[in-house]
Trainee: 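Have a look at the structure that comes next, please.
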Amino acid sequence: MAAWRRYDTDRSGYIEANELKGFLSDLLEKANRHYDEQKLLEYTQTILRMFDLNGDGKLGLSEMARLLPVQENFLLKFQGVKLTSEQFNSIFNYYDKDGNGYIDEQELEALLRDLYQTKKDVDVNNLMGYKESIMSLSDGGKLYRGELEIVLCREPIV
C-alpha cells in the first residue's frame, strides 16, 4: 500500500506505464541490477502484459495486488466486490461517524469487522494487519473517499 501511494503520483487510482517504470527502476536499483532504458521499457511492457487483466494499459489496485506475496495480498479477498456510486457513498457516510470527510483508524476497524461478517474467507486474526496496510494509503491517518474507493471498488467511481 505504501508503494501504491508512492508510485501513483497523479493520484488517479491507477499505476500507469510511466509510474510503473519508476517503480521498476527503483526496484532494479535496490537490487543492484544494471539496466538500460530499453530494458526498463521491456520490463514495464512485460509486467503490463502479465498483470493488466482488462487491457487498459494501466494497473488498478487489484491488478497491482497480484504482484505482492500471497500472505500480504489481502486485497484479493475483496476482489469482486462491486459497488454502485450510491452504495459506496452510503458506506463511506455510514462509517465516517463524525462526518469529518475521512475515515480514521477506529472507523476503518469497524468497517473491516463488518466486512469480515460478510466475507467469511477473510481471516479475522489478520484484521489489524489489513487495517495497517489500508491506513498506509492514508494521508496522515485520514483515509479520504478516493483512497477508500481504491480499496473497496475495482474501478474508481467517476
Side-chain angles (χ1 to χ4, degrees), residues 1-31 44 47-48 51-54 56 58-158:
M1 297 303 269
W4 181 267
R5 186 165 189 73
R6 179 175 177 196
Y7 292 101
D8 181 18
T9 55
D10 62 0
R11 300 291 184 255
S12 66
Y14 296 97
I15 300 293
E16 287 91 4
N18 63 325
E19 294 166 330
L20 180 59
K21 207 165 119 178
F23 168 75
L24 292 173
S25 174
D26 288 351
L27 192 65
L28 289 167
E29 284 179 21
K30 283 183 183 176
T44 301
I47 294 291
L48 281 174
F51 294 97
D52 180 16
L53 300 177
N54 63 3
D56 63 359
K58 52 192 175 186
L59 299 178
L61 188 60
S62 63
E63 293 167 324
M64 187 75 168
R66 295 177 183 285
L67 292 166
L68 299 172
V70 172
Q71 67 271 23
E72 296 175 19
N73 202 345
F74 71 95
L75 291 171
L76 293 179
K77 299 211 182 281
F78 298 108
Q79 191 170 19
V81 173
K82 293 183 181 177
L83 300 173
T84 66
S85 164
E86 293 79 22
Q87 290 170 324
F88 175 78
N89 287 330
S90 293
I91 289 170
F92 186 89
N93 293 333
Y94 179 80
Y95 288 97
D96 181 18
K97 296 292 186 192
D98 52 13
N100 59 9
Y102 61 85
I103 302 293
D104 62 28
E105 284 192 51
Q106 291 75 29
E107 293 164 336
L108 179 61
E109 188 172 328
L111 169 61
L112 289 174
R113 287 191 185 282
D114 288 350
L115 274 176
Y116 168 73
Q117 298 301 315
T118 61
K119 298 282 278 183
K120 294 297 184 189
D121 60 334
V122 176
D123 184 356
V124 71
N125 297 320
N126 291 331
L127 282 180
M128 293 309 106
Y130 298 163
K131 181 179 81 171
E132 287 175 22
S133 294
I134 294 169
M135 286 309 292
S136 71
L137 262 182
S138 73
D139 183 9
K142 299 174 181 178
L143 192 64
Y144 290 98
R145 188 175 301 269
E147 295 158 340
L148 184 60
E149 188 178 326
I150 288 170
V151 174
L152 290 183
C153 302
R154 295 181 101 155
E155 304 294 331
I157 297 168
V158 188

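All values derive from a computational prediction rather than experimental measurement.
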Trainee: Which pairs, with at least one residue in residues 92-106 and sequence neighbours excluded, count as a salt bridge (charged side-chain N to carboxylate O under 4.0 Å, His left out)?
Mentor: E105-K131
Trainee: Side chain to side chain donor-acceptor pair (under 3.5 Å) with N18: which residues, sequence neighbours excluded?
Mentor: none
Trainee: Within the 4.5 Å heavy-atom criterion, are F88 and R145 side-chain neighbours or not?
Mentor: yes
Trainee: With sequence neighbours excluded, what pairs up with E19 under the side chain to side chain donor-acceptor pair (under 3.5 Å) test?
Mentor: T9
Trainee: Counting distance only, does the side-chain N/O of S25 pair as donor-acceptor with the main-chain N or O of K21 below 3.5 Å?
Mentor: no
Trainee: Can you name the residues that form a ring pair (Phe, Tyr, Trp, His ring centres under 6.0 Å) with Y102, not counting sequence neighbours?
Mentor: Y144
Trainee: Using 0.5 Å steps for rounding, measure from the CG atom of L20 to the CG atom of L27.
Mentor: 10.0 Å
Trainee: Between A17 and T44, which heavy-atom pair has the shortest distance, and what is it?
Mentor: O-CG2, 3.6 Å
Trainee: Quick one: closest heavy-atom pair of D8 and Y14, and the distance?
Mentor: OD1-O, 2.8 Å
Trainee: Looking at residues at least two apart in the chain, or sitting in another chain, which of them share a salt bridge (Lys or Arg N to Asp or Glu O under 4.0 Å) with K58?
Mentor: none
Trainee: For residues Y95 and I103, report the shortest heavy-atom separation together with the two atoms involved.
Mentor: C-CD1, 3.7 Å
Trainee: Does E29 have any salt bridge (Lys or Arg N to Asp or Glu O under 4.0 Å) partners at least two apart in sequence or in another chain, and if so, which?
Mentor: none
Trainee: On a heavy-atom basis, which atom in L24 and which in I47 lie closest, and how many Å separate them?
Mentor: CD1-CG1, 4.1 Å
